[in-house]
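In what follows, a single structure is set out as C-alpha cells and then discussed.
Every heavy atom of this structure was used, including side-chain atoms; hydrogens, water molecules and symmetry mates were not.
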Amino acid sequence: MEELDLTKAESGCGANSASVRLLKFWLEVGGNREIKVIAQKGSQEEQVNMWIDLMSEKGVKLVDKKDEKDKIVYTIFLP
C-alpha cells in the first residue's frame, strides 16, 4: 500500500497544504487503490477530513481512521 506521510513536511497553505499534497499524490500513484495517509492532529487532520469530504463526490472513500497518539492514520480509497 502506498503511503503519504504529511507529518514530514511543513504544513501551511499553497503548494505545501495537505489537500494539494493529497491531490499530487493521487496523480502520482493513480487511482483504484487504497492509500495510507499519516497526518498530525490539528490542522493537518482537519485538512485531510475536509479533502475526503470534498472529494467524496469524485469517489474518494474513507476506509479507516486510527488515532495513534499525536498522529492520525487514514486508509483512503482513491477511485
- Item | Separation between CZ of F25 and CG of L4, rounded to the nearest 0.5 Å | 5.0 Å
- Message: Quick check on the hydrophobic clustering: are L23 and V37 connected, directly or via other members, by side-chain heavy-atom contacts under 4.5 Å?
- Response: yes
- side chain to side chain donor-acceptor pair (under 3.5 Å) partners of D53, counting only residues at least two apart: none
- Message: Quick check: closest heavy atoms across Q44 and L6, and the distance to 0.1 Å?
- Response: NE2-O, 2.7 Å
- Query: So if you build clusters from Ile, Leu, Val, Met, Phe, Trp, Tyr with side-chain heavy-atom gaps below 4.5 Å, do V48 and I38 land together?
  - Reply: no
Side-chain donor-acceptor contacts of residues 64-79 below 3.5 Å, not counting sequence neighbours, with atom names and distances?
from : atom 1 : to  : atom 2 : distance (Å)
K65  : NZ     : N49 : OD1    : 3.4
D67  : OD1    : K41 : NZ     : 2.8
D67  : OD2    : K41 : NZ     : 3.0
Y74  : OH     : E45 : O      : 3.4
Y74  : OH     : N49 : OD1    : 2.8

- ILVMFWY network linking V29 to L22, side-chain heavy atoms under 4.5 angstrom: yes
- Task: Could you give me the CA-CA distance, side-chain angles and deciding distance for S17 and Q47, then say whether side-chain contact (heavy atoms from CB on, under 4.5 Å) is met?
- Result: CA-CA 8 Å; S17 71; Q47 288 179 37; 3.7 Å; yes
- Between OG of S19 and CE of M50, what distance do you get to the nearest 0.5 Å? 6.5 Å
- Message: Per the side chain to side chain donor-acceptor pair (under 3.5 Å) rule, what does the pair list look like for residues 24-36, sequence neighbours excluded?
- Response: none
